Q: 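One structure, as structure tokens, below. Some questions next.
Each chain gets a letter, A, B and so on, in the order the sequences are listed, and its residues count up from 1. Bear in mind that the values here come from a model prediction, so they are computed numbers and not experimental data.
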Number of protein chains: 2
Amino acid sequence: MTATSPTTNERVEQAATRLFAQRGFHGTGIRRLAQESGLTSASLYHWMGTKEELLARLMRSALERLTAEARAALAGAGEDPRDRLDALVRVHVRAHAERPEQTRVVDGELGALTPDARAGVVALRDEYEDLWRTVIEDGVDQGLLVVAQPDLARRAVLEMCSSVARWFRSDGDLGVAEVAEEHVSLARGALGAR
Amino acid sequence: MTATSPTTNERVEQAATRLFAQRGFHGTGIRRLAQESGLTSASLYHWMGTKEELLARLMRSALERLTAEARAALAGAGEDPRDRLDALVRVHVRAHAERPEQTRVVDGELGALTPDARAGVVALRDEYEDLWRTVIEDGVDQGLLVVAQPDLARRAVLEMCSSVARWFRSDGDLGVAEVAEEHVSLARGALGAR
DNA sequence: CGTAGGCGATCGATCGATCGATTGGATACG
DNA sequence: CGTATCCAATCGATCGATCGATCGCCTACG
């Protein structure tokens with residue numbers, strides 16, 4: 001157990017993630033952000049750059065982590081596209097259950113970014129979704145998944161799994177593992193897994 | 001074809017729906033909202049009350065319309081819970097495809113409301129979701145739908161269908177009807193329809 | 001003449017961001 | 001060793017802009 005006290009940078013990022021998730025990017029002022037980080041608004045600029053740069057950084061690192069976790073899970077999964085789908089669902093649901101604020105910022109604040117900053121985030125998101133696209137395409141090609149519109153189905157299943165971030169509570173009736181397995185079952189059903 | 005020119009009130013509500021959907025409630029200023037409504041910011045107050053009242057009104061009327069459409073569809077559907085589920089999916093998907101800005105405001109700006117205003121909107125949302133809850137419960141009770149966690153499944157399928165508002169384009173490859181039927185199929189699969 | 005609808009002007013508050021100044025610990029040098 | 005230099009980090013003060021909202025006044029019309 002390494003319970004290091006958080007660095008200033010971590011305190012800023014944690015406060016920003018929490019506030020952006022709760023009140024939105026435009027609903028969060030830099031004074032409030034500084035207060036929750038334990039700094040003055042002037043000092044805050046030493047760590048965050050501009051407010052938008054901070055948001056973009058948070059979104060990119062969250063997406064990079066998610067993609068890395070998905071790649072690792074796929075590397076440990078077998079060849080069967082259905083098993084690989086299960087692995088993606090588990091990673092996605094776990095991430096949204098365990099880091100709901102991070103994922104809600106990624107999913108909900110894209111529109112707050114200027115085109116330049118948005119492009120970088122969108123590229124990372126597309127990279128992540130390509131993992132899903134490939135798995136679903138492989139499954140359909142091999143006749144192990146049955147969907148008429150793979151792109152539509154991918155978006156639908158992704159959003160289905162993302163919804164967890166908006167209701168899951170770690171002190172609720174269901175544990176993370178149960179929720180993940182339940183979504184594995186829903187996703188398999190939706191995609192017509194043989 | 002009744003192509004009446006929009007009333008001032010309609011122009012305000014349409015501008016607000018568009019802006020709130022695109023830039024968010026906190027990202028939309030009074031002046032911009034007035035400009036797009038063809039009014040000065042002072043005149044705007046004659047029509048909208050406060051900015052928050054306007055948002056709450058938009059959200060309530062959108063939810064009331066959705067609920068009314070869902071009730072009408074259920075009234076015209078048969079007794080089989082699977083058919084009733086199909087009807088709900090079609091209404092939900094059509095609404096999100098044809099009125100993406102309205103639905104995105106409802107789904108995304110709840111957090112911008114003060115507790116008092118939020119309560120009224122949440123009550124309407126619960127009323128709508130109860131229609132889904134009942135249908136799914138009936139289906140499970142009769143053994144025609146198979147899900148381990150009906151509440152979780154309801155949320156998952158709802159979010160799955162809501163995702164349409166974030167990508168559908170009326171000039172794209174798929175029409176509204178096709179998208180709706182595709183989601184009917186996905187929902188049936190996810191909920192294990194016999 | 002009353003009222004619905006609209007306007008310009010302006011309110012106090014807050015916005016995101018920057019300024020110059022200060023601190024303290026590390027590093028380089030005589 | 002002593003001290004000069006540097007730089008990351010922080011601060012109070014304040015910038016111009018914009019925020020949501022309100023005011024009094026004007027005009028058109030039933």
Q: With the threshold set at under 4.0 Å for non-hydrogen atoms, list the residues of residues 42-52 of chain B touching DNA chain C in residue-number order.
A: B:Ala42, B:Ser43, B:His46, B:Trp47
Q: Whole angstroms only, please: what is the CZ-C1' distance between A:Arg31 and D:dT14?
A: 10 Å
Q: Could you check B:Glu52 against B:Thr114 for side-chain hydrogen bond (donor to acceptor under 3.5 Å, both in side chains), going step by step and ending with a plain yes or no?
A: CA-CA 8 Å; B:Glu52 187 185 14; B:Thr114 331; 2.2 Å; yes
Q: What integer distance in Å separates B:Gln35:CD from C:dC7:C1'?
A: 16 Å
Q: Are any non-hydrogen side-chain atoms of A:Trp47 and A:Arg11 less than 4.5 angstrom apart?
A: no
Q: Could you tell me the separation between the CD1 atom of A:Ile30 and the C1' atom of D:dG16, rounded to a whole number of Å?
A: 14 Å
Q: Look at the side-chain N and O atoms of A:Thr40 and state whether any lies under 4.0 Å from the OP1 or OP2 oxygen of D:dG12.
A: no
Q: Under a 4.0 Å N-O cut-off, is there an ion pair linking B:Arg154 with B:Glu137?
A: no
Q: For the pair made of CZ in A:Arg23 and P in C:dT14, what is the distance, rounded to whole Å?
A: 13 Å
Q: Round to the nearest Å and state the distance from A:Arg32 atom CZ to C:dA13 atom C1'.
A: 17 Å
Q: Answer yes when B:Arg155 and B:Glu159 have at least one side-chain N-carboxylate O distance shorter than 4.0 Å, and no when they do not.
A: no
Q: Would you indicate whether the side-chain heavy atoms of B:Leu110 and B:Met59 approach each other to under 4.5 Å?
A: yes
Q: Between the side chains of A:Glu36 and A:Arg23, is the shortest nitrogen-to-carboxylate-oxygen separation below 4.0 Å, so that they form an ion pair?
A: no
Q: Could you give the CZ-to-C1' distance, from B:Arg11 to C:dG6, as a whole number of Å?
A: 12 Å
Q: Round to the nearest Å and state the distance from A:Leu39 atom CG to C:dA17 atom P.
A: 16 Å
